Every structure is written in structure tokens, then in C-alpha cells.
Protein chains: 6
Amino acid sequence: MFYHDKKLQYTVRVDRPDPCFARMLQQAIGGVEGEIRVMLQYLFQAWGARGPAKYRDMLLETGTEEIAHVEMLATAVALNLEGAPSHMQEQAAKQNPLVEAVMGGMDPRQYLSAGMAALASDANGVPFDGSHVYASGNLAADMYANVTAEATGRALATRLYHLTDDPGMKDMLSFLIARDTMHQQQWLAVLEELGGHQGVLPIPNSFPQELENQDVNYSFFATGIDGIEAPTGRFTSGPSIDGKSAFSVRKVTPMGEEPRLAPPMPEAHAQMEQMAGGVSPTQTASQTAERLGVTPKAQSNKANKTR
Amino acid sequence: MFYHDKKLQYTVRVDRPDPCFARMLQQAIGGVEGEIRVMLQYLFQAWGARGPAKYRDMLLETGTEEIAHVEMLATAVALNLEGAPSHMQEQAAKQNPLVEAVMGGMDPRQYLSAGMAALASDANGVPFDGSHVYASGNLAADMYANVTAEATGRALATRLYHLTDDPGMKDMLSFLIARDTMHQQQWLAVLEELGGHQGVLPIPNSFPQELENQDVNYSFFATGIDGIEAPTGRFTSGPSIDGKSAFSVRKVTPMGEEPRLAPPMPEAHAQMEQMAGGVSPTQTASQTAERLGVTPKAQSNKANKTR
Amino acid sequence: MFYHDKKLQYTVRVDRPDPCFARMLQQAIGGVEGEIRVMLQYLFQAWGARGPAKYRDMLLETGTEEIAHVEMLATAVALNLEGAPSHMQEQAAKQNPLVEAVMGGMDPRQYLSAGMAALASDANGVPFDGSHVYASGNLAADMYANVTAEATGRALATRLYHLTDDPGMKDMLSFLIARDTMHQQQWLAVLEELGGHQGVLPIPNSFPQELENQDVNYSFFATGIDGIEAPTGRFTSGPSIDGKSAFSVRKVTPMGEEPRLAPPMPEAHAQMEQMAGGVSPTQTASQTAERLGVTPKAQSNKANKTR
Amino acid sequence: MFYHDKKLQYTVRVDRPDPCFARMLQQAIGGVEGEIRVMLQYLFQAWGARGPAKYRDMLLETGTEEIAHVEMLATAVALNLEGAPSHMQEQAAKQNPLVEAVMGGMDPRQYLSAGMAALASDANGVPFDGSHVYASGNLAADMYANVTAEATGRALATRLYHLTDDPGMKDMLSFLIARDTMHQQQWLAVLEELGGHQGVLPIPNSFPQELENQDVNYSFFATGIDGIEAPTGRFTSGPSIDGKSAFSVRKVTPMGEEPRLAPPMPEAHAQMEQMAGGVSPTQTASQTAERLGVTPKAQSNKANKTR
Amino acid sequence: MFYHDKKLQYTVRVDRPDPCFARMLQQAIGGVEGEIRVMLQYLFQAWGARGPAKYRDMLLETGTEEIAHVEMLATAVALNLEGAPSHMQEQAAKQNPLVEAVMGGMDPRQYLSAGMAALASDANGVPFDGSHVYASGNLAADMYANVTAEATGRALATRLYHLTDDPGMKDMLSFLIARDTMHQQQWLAVLEELGGHQGVLPIPNSFPQELENQDVNYSFFATGIDGIEAPTGRFTSGPSIDGKSAFSVRKVTPMGEEPRLAPPMPEAHAQMEQMAGGVSPTQTASQTAERLGVTPKAQSNKANKTR
Amino acid sequence: MFYHDKKLQYTVRVDRPDPCFARMLQQAIGGVEGEIRVMLQYLFQAWGARGPAKYRDMLLETGTEEIAHVEMLATAVALNLEGAPSHMQEQAAKQNPLVEAVMGGMDPRQYLSAGMAALASDANGVPFDGSHVYASGNLAADMYANVTAEATGRALATRLYHLTDDPGMKDMLSFLIARDTMHQQQWLAVLEELGGHQGVLPIPNSFPQELENQDVNYSFFATGIDGIEAPTGRFTSGPSIDGKSAFSVRKVTPMGEEPRLAPPMPEAHAQMEQMAGGVSPTQTASQTAERLGVTPKAQSNKANKTR
């Protein structure tokens, strides 16, 4: 279970409020690389953790930290929006200062729906979407998902760093960027504990590898047409990363046949022309009627109607 | 640009059609771990690739391969649904055999919306969602995203392997599982080429690391209340994974203050009780009216209405 | 900021695991009436709270409690899914026991995507959607949103109560239902503090009410065609709920005119027949060409092509 | 069933077209507080109404009114967009006037997808989402949902009022704000008819209240860590709002235990290290192979491949 | 504006309630081929109609009719769900009859969220999505969108016809199928009024056709690799459908070059290895620091931390 | 299966990069009228094609072509974003040039999430949504869906043509507009092959038409209230489009009755007042308790609590 403190994990200070930057910060709150996502991702991984309790505990620790990050960012959004009214007062001569503020890059819903506060959405106003909460039940897959979240999250935070000149905001981002640095290391440290590439791969490592197709599991498939040279690199020759085989290159050719599906079943009501053997409308109608257990009436629509 | 062959990349054979398995396969087509996602993810990474052309080329090669995987799975769905009608004919005595087939675990939209074919949706009928296409512009972040996709994708494929006894389906999955093995290796090989952990971390490695907060970038934060012992492991002591510092543990305490937001601006129309200084409804109304440039009329609703 | 305890807020015990009930519980986790929604709703309301600090504090208290409810439910899902394998072993004779379990009402993604654990989705597998996080910036509107969440949430929990015979699950639901009882009271208590209906209405109470149309603000509009009698009740006569006017009934008639939009602007490329004055294709093409600043070439497609 | 009139319910007049305001109005059409939502919400509540016919009738009356509100707003959007072309003509010197109009705050899809007309989306272009249609089958819960919709809807309309100086638009909003006033009263009047707080609470009032946990159903839970003082108010002491008990405060402590999930089942393919008892890869592979009924081949990938 | 009648447009009678069929009917309510979609589609087309008023009027007529169809289907869902409880009473001996009903193919949210009534969702519980409301501002494009909606809608209704044996339900579907027949004709009749293929094509017909590339506008592109024969048909030779040219076949070859993007801009924080000219980490960091206007401190993390 | 070429299908050249236009182009990539949609739509139609192989082949040809169109547009987005940094350098004096660029109409996620590249989203940042992939299993319905996609797609492309003055971009759009022209013809040519209106209608033509209601299948329903004159046109009189009947007009009147639903079942926990016969809370509680098999305790909350 959970407890709270009224204070923030780290200082959130806005020296020059900027409603446009308030919109940008939404990406770090409700975006796919954002903090609601990692908060829920680490917590759901903890709550479904099977196996050594240590990893459950660790996920709970960091998941709890992330709630505080959402709080910091939501506070930063609210503080950046406080500039809007004063900014508007300065522009008293203009006809619609709020309209201009909103139009000039703010998220209009921060005003219209939230009354000048943060939303659970991204920088384009797209609501947070729970399908980004990765918790696969496989610890190694989850650790890679977490490294990805922290890598894209740190890239996002460094980009936000360029969109503000506010010293308070830069200081807050400097903190969040540092935490992303640590968290990248943290999930990779777990992968090292699990044995590194040799121990971890292929994920999941509990499926009998001899059941996978042995001809294509360490080959780079080149899909370019004739004349296109395949790229070469660490992934085309030499020992495989898991040390279990060696990389090779194979020019792709069809190993399968042209698929041939059966004609449609009558109840799916394709067009008659899709039925096998060129059935006529009348044939199909009577077949369907038979299946339906009804006596087909004479198809005399036109006669009945055009009188 | 792209070309096609009528033949499949690998044989798709269904010996005993199973409409329920056709639903399960949808997760591998339109799910978050599915093939539409990796197809688009690798192609969008290629189309936005900046830097060495070799990685663009590689992403294009494998993105093209993934289109063929969607094709194989969509074909497998269609073939598994062909069992439905014949199965129904065997159950001719029953009143509503198709209803029972649909109810017994099929995705009803495979019949209702697609006439017995695959959808661009997951195993619960949730449509494919483009926000899962990760292409961050940072090659290392993208490689980790790709390892994640192939790790969760291989876990999915091994689980599907347990949901079928059909030799044809097991053979197809054996092929797809093998390709996921290769693709995990492939993206990790790129990370090795980029210098491994020491060269790659922290992602992005082009942001001046001295700008991040130097106090918290290699510390594990313990968020348990008093009495909760923090977990220990590779991530709590010893050299950091990037070799640039050392791990430490810190019990979390607030470094920030309790946030205090300004009172709401009048145009946001909070309740009056949220305004500073305990303004009365009349005060607020006249303030707003003043801003709106209108002369407040006497607030005489009740007198006017209750006559 | 936030802290955690390893223990749960309340006991979660599953005596007879039931994978089907695990699916039902998802509605209380990721559904529109679920606990992720109230957790985020109360926290976002707190983080954007303007005005008396007391309400911010209160929202933080209860928002933190709700995180623990998500945890309890996610744990309950995981425990209910543990029955699946043992159940399967009992059915060893059957060909595909896991398929049957999945088909028999389980959420297939709890297995396929989560390896037998909870998802951030509802009972139909639809991912949690952040647009349900209501935090309007108006305290009274938010309190009604919160009562709604707890009323639909308690209705959901009582319905779940009927879907299980497991004593442990009934005990957990009995706890959650009780908390919903309290939370309904809690939000209504705030509305009472704010002055009850007379003080709170109409929401927002900071907009000068004389600016709203005075003819229709306390009238029930009857939209039935001639011959349909309007319903009568507390809402059709007598003093209005806010005590500021009296209810009346009005048979609806158009107060506006038939709308007439201008013809389409050329750049929107409607069909030519939608343009005013019956312009011909040639006229339109040359008008557009003129705007585009190009010299229209002779429209000689056919001649060029059909040779 | 339904009928229409060509005329609007109330005059929609735009004196100075404003493409930016056309974007803002989208929130009132397709947003979570918008009119498509209340239209469908009241109609679905009517169509599923069980119990006294009077409430079904009332919901049908008001649901029908709301269709006319969507119509008014969609018309207002189209009229506001008619300014765009003339505005553009005035700016004939500039290179890309339409681009500037679109960039200057318009919803680009009003032009690109709708040819200068309204969309079924919100102010950020997020499509209307049917999950916001609350119709719980419980009349009291639904009435609170309806009050919420009209409270957030009226807050939205008053905010829109500040974003325009157009007399016609202000007049239309003055009408819609007035209707929201009435509708707030209307749903609260039903709750009064149902017995007010004493009769209605806890919602649903048909669940035997003695089945809920009697220790925690009227207690405010304080979740602050030591040193955080809980807020006090109407919700922490005195009689409960339903008059059935009294409020109290309780400092939260865990009533449950630390959860312990079983090890993963083999078919879920966690990493081997998550299995109980530290099984080795080989053990797991053979266990799985046994379950799969296959004879494990020698794991000789490397030998086969690295030649 | 709109009016209602308490009676339904057509009789809705359920002789043998069937909770499973209640789920299937959801596709016709909230699915992409469903009635909420066509209701909103025709109304939004009407509300944004520019050009001859006749088409606006027609769309309003039929849009209003469709509201009544949603009503009929929602009523049918509610009536089909009334079987659930009685069915449950018959199964009094079983432990969890409601669970079995829910598991046996019902949409669980019809019970959990709606208390045995219809939802604004499809047969898989996916909420109605406003992005399917096509109203392009081009009358011909909209008419084709409407034919599509009625064609897929009629296919859906005929498929539903096979999923029920209930005479009342078959009668209701027989009515809806007939209306879809009429509506297909209706939209095609408008296209005939607009001049048929010769007058209507290419859509939009108001764009100067000489501005489109004249080499490829009537050619079928064959994308098969060497050895794949292109299909032949009405679309590969002979006069084009619009009578303005003739069809031809062209084997596809690249007309463009290999794209070469510039190196990433520093503020986007790609990995350093993606920068041009093989810059080192130090170079990039100092470049960025320079842009940021900060003095880079010595990169002495390790020294500081590992003490 | 599929192959690729490194070259583009057609030249993509950007003479004057424009980050705002890069946002607009997103609609053609991930919008409902965009190229990801048609790519997947034609491929899914091919992969589920039943009946004559020729149509499968044709769909595969054109679906493959559309992948190349997504590639062209994604490349165009990346090239248009390359202007941003140089533009920023010119504005070196301004404080936050990137902020202004982002605010001035760019999609912020093209920078924040993609590092200056394309997303799988539309012009408002809404992710691509797989539910727009129409593949109904009925060839005629699908052909109309394809005409719609190409008609709205061509309208979109012609509108984009007006939003740019860049010769390279106009040239690329001229190519895409031409392909849309061809594809409109192509799908209509298939409908002609299938027999034109007489052969194709009503879709699906395999359902026995005598099973549809014969009274209303060729009647235009006028839903205006008294005094509203119905529009007249090709759709109100004369032979029907399919030649099977004749159009007529009918003023709509209810053919059904007022629906009467049964009282709620106890387990759905409506409010007691919704139960039949005016049951009291105590009655309902004991009924429910009886069903639940528990002995109702005395309802003595208040006594217990208010001490």
C-alpha cells in the first residue's frame, strides 16, 4: 500500500510562466514516453511479479518514485499556466488576449477542460492509453521494455530542456534527466544479474530452443530485389550475440506457396460472384433459404413495386 | 519502394481448423507485440533514419520481412476459420451452431465484420494503434525498443505454441519464433557496434552529462516507509553499468516544498469559494462582468421567474 | 511525493482460483468505473487544486488510498489465474486444456500478453483511457464527478459480488464496497461545506448568471411531437433546486432559422455542383488555376491517352 | 422514434467569422464534456430505463433536445470557418495565407478532412469516444453522472464565452449556458424525488448494506506518513451525509499481508530464473518438452551453425 | 432541431431472450458498420452541407431515421438480456449461474457497467469512435462513403440474421435489411443526379485535372517481382471509367532516388554516432553546451561518485 | 511475401523546408484518409480474399504500391523538418527559436517523440487506428470502401496542394493525386465487371431478397414533422437504381409500440425505486440476501457507529 508526503520529491519552480511550454510538458506526463506510463508499468510489473521477491520489491520502489515524477510535472504545468492571465493583462489593448494565448501554442483543453491545469494526455491532447503498460510476465522482456521507456523518456527530457530558458524548469529537468540515467542503469543491472546476453537470450529462455526452426534462427534475411546489396555489420557474420551460433546472410525467397482460401461460406454473404463454380443469384438464394429453413418466395419485387 | 511475390515467405498449413485459435492469432497480428507494429516500427525507423546509411538499409530489410509475417498470420486466421462451417454442418441438429461457434471463443467480428477473415485488431478486438510505432530518432533508444518488441513478440509466439495441437500451426510458429530469435540478436548486435554499454549509455549520449543533476544520477532511491528494507543487488552498489560512476542507495526524502498554486484566474470559472480572500458571488460576478465589458444587470432571476 | 509498504491495504485471499472471475475483475482495474481512473482523477484534482489547501490535502489523501486498491485488485487477478494450470492438470485427458480455459471466458491477453497477470485494461480488454480523468478546475464539478465515479464504482463492485462464491473474494469486495460508501459521503460532504445546492448551483457559480439567457434557464423543454404528453415531476413545477427561480414546462419550438451556409471555397474542392451559380468544371478549374498562379494547360487527357 | 425540423432550436449567428474559435467549439461538440456525449448518454439511459416510465420519458425529452445542440454547434463551426477564405483574400500579398490560417490555431482537419466544417472530435482533434456514455442501469448513479456532465459542460461553455467577442456567438452560448443551468437542476430534482441523500445513499441502495465491511464504511483514511496532519472538515466528524452513521478518521495501516504469488506456470514462458527452486535452462526445457509431448533433441545449435 | 415519439419506428419483439445475441447486436449499434455511425455521419454531412439545399434536406431526413434505428437495437439488446435472470433461476442448482451466462458469450460490461442494457460499443466492447463519421465536404466522396456504410451495414445485418432463430428478432432484422437496401439506392441515385461516372470522376472534380501527373493517372501499376504476371481485367485496358482516357498497365520501377536525410540537428539528441563526420562525445557535448549558453563543467562524474 | 528497393517510387524533393507543412502531411500518412490505411486495407482484403484469384492478385498489386506512398510521405515529412534548425539559426536573436517553431504550427511530437521525423499519426497527432481497415469479405462492399478511401484521399491531397508553394512538394502531390485518380477508376472497374448496379445491388447480393421487408425497401422515409416538405429527386420516384423496383416516398409514422422493459433483476443493483411494485429497501435487501445465501444481520450501522 501507499503513503504520501505533501512536499514534492524535488523543487518545482517556474520563474517565467510559459503556457506553450505547459503544453510541451504534457508529453512527459501522458505521452507514450511519459511518467504515467512508467509509473503504471513498474507497478503492474511488481504486482504480477512471479519468482524472486527481490525484483518485485525493486519494481515497487521505483514505481512509487515515478508517482512523484507525475506530481512534479503536473505542478510544473499548473505553474506555467499561471503566466497566462498576467500576460493577458499586459496585452489589455488587444481584443482577445486569451484567444491569442490559447491559439499561440497552448493546449486549449488545459483551459477549456481543466481550468488551467494538467491533463492525463500527451502534447497533442491524446489521452494516456493503458496499452503502453508493458508487463509481460517475463522478467527479461520487461527489463528491456523498461530500458526503452527510460531511453525514450530521457531523450524526451533532453529535448524539453531545449524548449525552455526558465532556470527553474531547467533545474527540474536536470533532476529528471539524472533519474532516467540511473533507471537505465538499473534495469540493465538486472539483466547482468540474470546472466547477461549469454544467460538471457533468446527471450524467453524457458522455451526449448530446439523447437524453433533451426535453419533461420541466426540468419539475416536480405529482402532487397536483385541488384540491392545487403548491409553488412556485426549482425551478418561472426558469433551470434548469445554465443550459441553464428550469424549468416540469406537472400530471401519464398518457402511457402501461394495461399488458396476456400470459397466463402454462404452465411458470410459475400457477393455471389465469389462463390465457387459460378453460381447464379437464384441458386445462392435458394441454398441460403434452405439453410434458413424458409420456403423461398418468388423473387417478384419489381412486379410488386413498380405498378 | 516495394514489390511482392504471390507466394508466402513460409508455408502456412492448417490441418484441423480452429476458430478459437483464429482469435488468439489476432494478438500476433494487431496486438501491441504483434507484426503490424514491428512492420511499421522498423519501416518508420528506416524512413526517418539520420546518420550512417547502413542502419537505414538494415531497417528497410527487416521491415520488409515483417510485412510477410503479417501476411502469413492473416492467412492462418482465414484458414482456421474455414473449419467453422464444416463444424457447423456436423452439428446440424443443434439450433444455432454458428452462434455456438461464435460464442465458444471466436472473435465475433471475424464473422460479423470480416466474413471469416483476419482483422487489424488484437485478440480482444481492440484495433491496432499507431502510437506503438516507436521511432525516436535516437538509434540506441530504437534498438532497445526493437529488442523489446522481439522479446515480447517471441514470448507471445511461444504462448500461442501451447494453444494449438495443429502440426501446421506449430510449424509456422516454429518459423516465427526462430525469426524472433534472430531479430533479438540483430538489434543487440547494433548496440554492440555502437560501443556496448560504455559507448551507448546514458541514452541519448549526445546530451552533455554534466548538465544532469550530479547527486542523483547513480543512486537507487528507496521509497519504502520506515521499516521497509530496500532490496540489494547489482543495481545498489559497485560500478555503474556505463562504467562512469558507482551505484549507491538513498532513502528518499522530499527535496522540494509543498506546492502552492495561485488562486484561479476569473476566466477559468472555478467555484467562488476557490478564489483568494473569500470573495462573495456578487463580487466575482461583477469582476467578471467588468472584464467582459458588460454592465451587470440586477441579479433578479428569482423575482422574474417565480411570479 | 509517495512512499510504499510491501503489505496490502487489506487482505487479498483466493480460495478457489477462477480465471473467468479474473477477467471480470479487470473492469474494476482499468474500466471507466475502475480504480486506475479514480486514483488518477483524485491525484490530478489535487495537483491542479487552486483555492483552499484543505481540499488539495484531502484529494491527496484519498488519491493515495486508491493506488492501494489497484494493487489489491491486480493481486486478486494474479491469484485467480493461478488456478488455471492446476485446473488444466486435472483435465489432462483433454487435448487443449489451456485453450479451453482461455476460451471459457478468460481474457486471453492475461495469458498471451501478461503471462497470467493483470492488465491496465477493462473486462473486454479495452485499455485504460486517460480521458476519463476528470479534473475540471471547478471544485463543485469535480465533487460531482467523484460522486459519480464512486456510485458507478460501487454498483460495479456489488455486481462483481454476485459473480463469485469465493469467500476471500467476497471479503475483499466487502471492503472495497465499504470504501465506496465512505467516498460517496466524503465528496457530498464537501458540497455541503460549499453551501449545498443553494450555494453551489449553478456550477460554475462564478459566472454572472444574468449573462445567461433568462427565458430558458428554469424551463423543462418538452420535445415530443403533438400528442406526446410531457412527464411531470419535481423538475416541472415548484421552486428550482437552487431556490433562485421556479420550474416551468415549455413545448419546444424552433427559435432559430434554417441555416444557410455559403458555397464552398474553391480550395476545399467540393464537387463543382456544390458551387454557387452552377459553374461548369472548366470554369472552376480555371478559377482554381488562377488562384494557384499556374497557366492551365489544355485539358487533353483523353486525346493523349487513348491513342 | 424521431422527427426533425429544418430550423434550429435557437439562432446561430456569426458576425465576425473566426477559424480559431471554430476549433475551440469542437470541444463542445465532441469533447468529453460535449453535446454528442450528453445526447447519447441521455438517450442510452432512456433506452435502457427499467422502473417507473416517467424517468424514461424525461430522458427521452432531454436527449432529443441535445441533438439540436450538436446541430447548433456544428452550424456555428461551419459559419466561423467561412471567414477563412475572405480573410485569405485580404492577405493576398502573403505567400501561403491558408497555411497561416491553418497554422494560426485552426484545427487543420476542419479543412483537410471536412472541407471547412465540423468534425465529431474535440478541440485537439481527438475523436468522440463512446466510452463516455454513462448509463449504469442505476437511476441515482446516472443522475449524478448527468449533473457532472452538465456542470463540466457549463464550465466549458462559460470558458468559451471568454474566447469570443462575437455578439452572435455570445448570444448562442448564453442560450446553451442557460440550458445547462436547467439541466443541472433537473437531474438534482430527480434525486430529490428519490428521497434525497437519506433515501438515495449509498448508491446502489439495493445492496444489503450489512454485507459491506462495517469497520471502514464511514471512516476517512489518512494516508500521510508520520508528521502529516490529516485535513479536517465536514467529512471527518459529525453525522454521515446519509444519516446512517458518523464520520471518523483513521490513520491508514496495512490490514493485509505482503502478497506472494506462485512461481510462473511453464506455459507462460517467464525467464527460467523466475521458476521456483532455481531450475536450470535444461531442466525447464525438458519439463516443457515433456508437457508438449515431444522428444527434446540435443541442444546443439552452436555446433550446427558455427561451422 | 428534433422531436421524438415514444413509440418505436418498427416493432421490436424478443420471443426467446438470448444474452449472447445481445452481444452480437452491439456491432450494429456501436461498431464501425453500425447505426450510431450512420446517424452521426448523415447528420454531420447535413450540418456541413454547402451547395444545393436539397441534399442537406435529404441527409437530415435519413440521419433522423437512423436515430430510430439505434433506439430499436438498444431496445432489442435490453430485451434479450431479460432472459438472463430467468435462465439463471432455472439453473438454480449450479453454483454461479450468472458467471456462466456472462462467460458463455455475453458482453460482461452489459451487466457490469450497464446493469443489463446496451452500450455505445461494438461486439467486442470497443467504444464507438467518432473518427468513423465521414463528412468530407465533397458531396460525391460522401455519397460513396454512405454507400459503403450501407453495404457493410447490410452485410452485418444479414450475418446477424443467421445468428438468431427468434422470430421477433428476424422480423426486426428483415426491416433493417430492407432499409439498408433503400439507402444504398438512395446514395447511388444522388451520384446519378450528379452525372454518373462521367460527371462525378475523378473526385473531387473541381481540381484542375491537368495539374495531376499525366503519365500515371490511368495506368495500373504492377508491383510483382520478375516472373509475377499482373492480373488483367476491366481495369487494365479499354476506356477508363470516366471516359476521359484509357487504361494501361505499367510494370513498376523506381522513378525516385534513394533518399538521403541530413544528419540530426543537435537539439534532437540522436546518438553521437548518427552525427556527421564522426564527432566524438566530447565534441557534441561542447557544441550543445555552446548552444545552450552554459559553460561545460569537467566531466568528472566518476571521480566524484566512486569515492 | 515482399521485397524492397532502396529508391523511392517517385522523386521527393523539398526546396524550402516547412515544419508546418510537415504537420499537414501527417494527415496523408496516418489519417483516416491516409496511406497507412489504404496500404493495410488493400492488403487485408487480399489476404482474406475468397473467390476468383484475380481480385486477390489485383489487391496485392495495389496494396504493395501503397507501402511506397507511405514511404514517400514519411520522407517528405523528414525533409520538411530539416528546415527547422536552419530557420532557428537565422533567428538567433530570439530567445526560444525552437519553441516558436514548434508553437507556430509544427506537430510538437515530430520533435519531442521522433527527433524530427514522421509519426504514424494524423495531422492532430491522433495515432493511426486499425479499425479503419475495411475488409468485409464481400467484394462489392470492399470496392465501394476503396472508392471512398481514394475519393477522400484525393480530396485531401488536393487540399494539401494548396498549403504549399514548394515546387518539389507540388510535384510529389501531383503524382499522388494522379494515382488516386487511377485507383478510383480501378475499383469502379471491378464493380462494372461484377455487373454494375443491376448485378451488384443490393449488397450483399447473396441474401435472399424476399426475406427482407417488402414494404419499405424502396421507399424514401420523410422524417420531417408536419409542415416540412420532403426533398424530391432521383431517389423519390422512378425506377430504383438496381432496376428491381421503383422509388416512392412515405411520411414516417411509428410502426412499433412504446417499449416496456421488465423491472431490473436484483443482481444488477438498480436503485430500489426502480424495482416493480414499490419495494422498500428492507424488502430488496432481504431478497438479495436470500439469493446470496446469507443471513441478513440487523441493519444497525448507525447505532454501531455513532457512539
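The sequence lines fix the lettering, A, B, ..., with proteins before strands; numbering per chain opens at 1. Model, not experiment: these values are computed from the prediction.
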Nearest heavy-atom approach of D:N80 to D:P17 is O-CB, 3.5 Å

Per-residue tally against chain D (heavy atom, under 4.5 Å) across F:G256, F:P263, F:P254 peaks at F:P254

Bottom line for D:D57: the part with an atom under 4.5 Å from chain F's heavy atoms is side chain

In short, F:V38 meets F:E150 closest at the heavy-atom pair CG1-OE2, 4.5 Å

Under 4.5 Å to a heavy atom of chain D? For F:E33 that would be side chain

F:F235 and F:F220: aromatic ring centres closer than 6.0 Å?
yes

Whatever's closer than 4.5 Å to a heavy atom in chain F on D:A123 counts as neither

Whatever's closer than 4.5 Å to a heavy atom in chain D on F:I225 counts as both

For residues 124-131 of chain F against chain D, heavy atoms under 4.5 Å, the residues are F:N124, F:V126

Max heavy-atom pairs within cutoff under 4.5 Å with chain F, candidates D:K6, D:R109, D:H4, D:K7, goes to D:H4

Looking only at F:A268, F:A155, F:A262, F:A222, most heavy-atom pairs under 4.5 Å shared with chain D are made by F:A262

Q. Are any of the side-chain heavy atoms of F:T253 and D:M1 separated by less than 4.5 Å?
A. no

Practice prompt. Determine yes or no for a side-chain-to-main-chain donor-acceptor pair under 3.5 angstrom, with F:D166 supplying the side chain and F:D15 the backbone.
Written response: yes

Hydrogens and angles aside, do D:N138 and D:Y144 bring a side-chain donor and acceptor to less than 3.5 Å of each other? no

request  = Flag the pair F:D18 and F:R16 as a salt bridge only when some basic side-chain nitrogen lies within less than 4.0 angstrom of an acidic carboxylate oxygen.
outcome  = no

Note: vs chain D, highest number of non-hydrogen pairs under 4.5 angstrom among F:T158, F:V252, F:T223, F:I228 is F:T223

Can a donor-acceptor pair be found between the side chains of D:Q209 and D:E212 at a distance below 3.5 Å? yes

Checklist entry - Salt bridge between F:R260 and F:E258, side-chain N to carboxylate O under 4.0 Å? => result yes

- With a 4.5 Å limit on heavy-atom distance, are the side chains of D:M106 and D:C20 in contact? no

So, the part of F:Q26 with a heavy atom under 4.5 Å from chain D: the answer is neither

task: Just do the side-chain hydrogen bond (donor to acceptor under 3.5 Å, both in side chains) check on D:S240 and D:S245 with the steps written out, would you?
output: CA-CA 5 Å; D:S240 66; D:S245 186; 5.3 Å; no

Residues F:R159 and D:L112: closest non-hydrogen pair is NH1-O, 3.0 Å

Applying a strict 4.5 Å limit to non-hydrogen atoms, the region of F:S121 in contact with chain D is neither

Worksheet item: Please walk me through it: do F:Q41 and F:N146 pass side-chain hydrogen bond (donor to acceptor under 3.5 Å, both in side chains)?
Response: CA-CA 8 Å; F:Q41 182 158 304; F:N146 295 358; 2.9 Å; yes

Mind telling me whether D:Y42 and D:W187 have parallel, tilted or perpendicular rings, with 30° and 60° as the class edges? tilted

Within residues 46-56 of chain D, contacts to chain F at heavy-atom distances under 4.5 Å involve D:W47, D:G48, D:A49, D:R50, D:G51, D:P52, D:A53, D:R56

